[in-house]
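Everything below concerns the one structure shown next.
Just so you know, ligand 1 is whichever comes first in the structure, and atom 1 is the first atom listed for that ligand. Every heavy atom of this structure was used, including side-chain atoms; hydrogens, water molecules and symmetry mates were not.
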Amino acid sequence: MVGLTKELKSKYDADGFVTIPSFLSENELNDMKQEAQKLLNAFDPTDHPKTMFSTEESGKGHVGDRYFLESEDKIRYFLEEEAVDANGKLLVPNDKAINKIGHGLHVLNPVFSAVSLSSSIKEIANTLGFKDPLVLQSMLIFKQPRIGGSVPSHQDSSFLYTDPPSAVGFWFALEDCTIYNGCLEFVPGSHKTAPITKRFVTKEDGSGTMFIDISKEPAPVVDNSEFHTVEVKAGSLVIIHGSVIHRSAPNRSEKSRHIYTFHMIEGAYSYDEKNWLQPRTKPFTKLFA
Ligand code: FE2
């Protein structure tokens, strides 16, 4: 593995994101791809609540149900919205129906745990200035051919809020990510200008999730033209600042876009109890343990 060089760190500081090409060795990449496929093959739709993942503000899909809210220490499956008809019937083969698997892969799956807690990641966390980094959620995201869902414009710290904000995303391309299959799109430098003005929280009665405003300032308005597409090769690592504005387009191509990602926060800062993801059964994983 290669690390976050001085030059790449400067780029990260300026843009709020940076790509490290060929971060994964060929073996690591192959192991992760194989493990992802194994998990896809293990999906059993017969005992699935047909929970669909959506970050849309409308609450479309049953994003708030318990299957989602209690997934931080489990390996659970969330479906592409277009993979299911109105009656909950799958319209594509099982392994092509899954939008993402989460959120406890870094704890429960040996392959993804090894990558998430590796010495290279520790080194990067150190370079980023973390004192007590905690790894708290992990996901495989598949963006299936033709039906791969979009992710609307957002900042990761809205979802994993600490005071002050500290979330950083580690995003590993398991396949080539292009403008055709829904690569990441960023507003470079927005982490310096766009404060976190809203948060994704659990409703007070615990029935689901919602967005709340946490600032009197209006949410930053971003023009389409400000987004830069970031194509990366399989094996790349993209490091994402929790305040940088980013999104990804739907995948209408014939090629999937498999990625693995996990998030880190500063353990020395207070983690908000309203956040959707809570350490219900055990504390978040200490990277420097
Ligand atoms: Fe994100």
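Shown here are the ring pair (Phe, Tyr, Trp, His ring centres under 6.0 Å) partners of Y271, two or more places apart in sequence or in another chain: F284.
Both the sub-6.0 Å distance and the 45° axial angle are not jointly satisfied by R252 relative to the ring of Y180.
Between the Fe ion (ligand 1) and the N, O or S atoms of H246, the shortest distance is to NE2. When the Fe ion (ligand 1) is compared with the N/O/S atoms of D156, atom OD1 turns out nearest. Sorting the N, O or S atoms of H154 by how far they are from the Fe ion (ligand 1) puts NE2 first.
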Where do W171 and V232 land on the side chain to side chain contact (heavy atoms under 4.5 Å, CB included) test, with the steps shown first? CA-CA 11 Å; W171 193 100; V232 299; 4.0 Å; yes

Report the C-alpha separation of V107 and S113 in whole Å, then their side-chain angles, then the decisive distance to 0.1 Å, and conclude whether the side chain to side chain contact (heavy atoms under 4.5 Å, CB included) test is met. CA-CA 6 Å; V107 176; S113 174; over 6 Å; no

